[in-house]
J.: 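I have a structure here, written as structure tokens, and I will follow up with some questions on it.
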Amino acid sequence: MKVDLVGSTRLLWGRRPTTYLRLAHTFLSTVHLITREFGADDEQVEYAGDSVLAYFPDTADAAARVLTAAYYARASVVRMERLDGAVGALKPQCRIVLHYAPLTVARIGPRSVSTLSAIGMPIHTVAKLED
């Protein structure tokens, strides 16, 4: 599942860096907490700019958990416009992409600091679906 902040460049153009930090922190941390709550693999949640990529293990109830996480992620972004200050005034919106496919996870990076990372065609497919 990928949850992206729609039009963040246009939304934040000419604003103070602290405004962007507030919005990014609120958005990214909220979506991360929601995906984790509904079963995303905590070690495989990635931040990609102003979006969150969350990977859910393939279990019997995975589809329901992913759809529920998507619902709550969107609802939380819609509610952000009710926040006081700069974040609420921006009226943020999100785009959500769901994709089901076998995922390759491998250790990437120098051996001493390699980390588990999702790689392969499903990641590229999600990027294309978002377009």
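Note that the structure is predicted; figures quoted are calculated from it, not measured.
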J.: Got a sec, which residues hit side chain to side chain donor-acceptor pair (under 3.5 Å) with Tyr71, two or more places apart in sequence or on another chain?
T.: none
J.: Around atom CD of Gln44, are there more than 12 heavy atoms from other residues, nucleotides or ligands closer than 6.0 Å?
T.: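 Check passes, neighbour count above 12.
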J.: Measure across Ala40 and Val45 and return the closest heavy-atom pair with its distance rounded to 0.1 Å.
T.: CB-CG2, 4.2 Å
J.: Tell me, please, which residues at least two apart from Ala101 pass side-chain contact (heavy atoms from CB on, under 4.5 Å).
T.: His99, Pro122
J.: For the NZ atom of Lys2 and the CD1 atom of Ile96, what is their distance to the nearest 0.5 Å?
T.: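 These two atoms lie 12.5 Å from each other.
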J.: Please list, chain by chain and in numerical order, all residues satisfying salt bridge (charged side-chain N to carboxylate O under 4.0 Å, His left out) with Asp50, sequence neighbours excluded.
T.: none
J.: Sequence neighbours excluded and cut-off under 3.5 Å, please list the side-chain donor-acceptor pairs for residues 21-31, or say none.
T.:
from	atom 1	to	atom 2	distance (Å)
Thr26	OG1	Arg22	O	2.7
Ser29	OG	His25	O	2.4
Thr30	OG1	Thr26	O	2.6

J.: If you look only at distance, which donor and acceptor atoms sit under 3.5 Å apart when one is on a side chain in residues 52-59 and the other is two or more places apart or in another chain?
T.:
from	atom 1	to	atom 2	distance (Å)
Asp58	OD2	Tyr100	OH	3.0
Thr59	OG1	Asp61	OD1	2.9
Thr59	OG1	Ala62	N	3.4
Thr59	OG1	Arg65	NH2	2.6

J.: Any side-chain heavy atom of Ser51 sitting closer than 4.5 Å to one from Leu5?
T.: no
J.: Pair up each side-chain donor or acceptor in residues 109-116 with any protein partner under 3.5 Å, not counting sequence neighbours, and list the distances.
T.:
none

J.: In a table with atom names and distances, give each donor-acceptor pair under 3.5 Å that connects a side chain of residues 74-83 to protein atoms at least two apart or in another chain.
T.:
from	atom 1	to	atom 2	distance (Å)
Ser76	OG	Tyr72	O	3.3
Ser76	OG	Ala73	O	2.8

J.: Just grab all the salt bridge (Lys or Arg N to Asp or Glu O under 4.0 Å) pairs involving residues 24-37, residues at least two apart or on different chains.
T.: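 The answer is Arg36-Asp42.
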J.: When clusters are formed by joining ILVMFWY residues with side-chain heavy atoms under 4.5 Å apart, either directly or through shared neighbours, do Val97 and Val6 land in the same one?
T.: no
J.: Are the side chains of Leu67 and Leu98 in contact, using a 4.5 Å heavy-atom criterion?
T.: yes
J.: With sequence neighbours left out, write down each residue that passes side-chain contact (heavy atoms from CB on, under 4.5 Å) with Ala64, or none if nothing qualifies.
T.: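 Listed in chain order: nothing, the list is empty.
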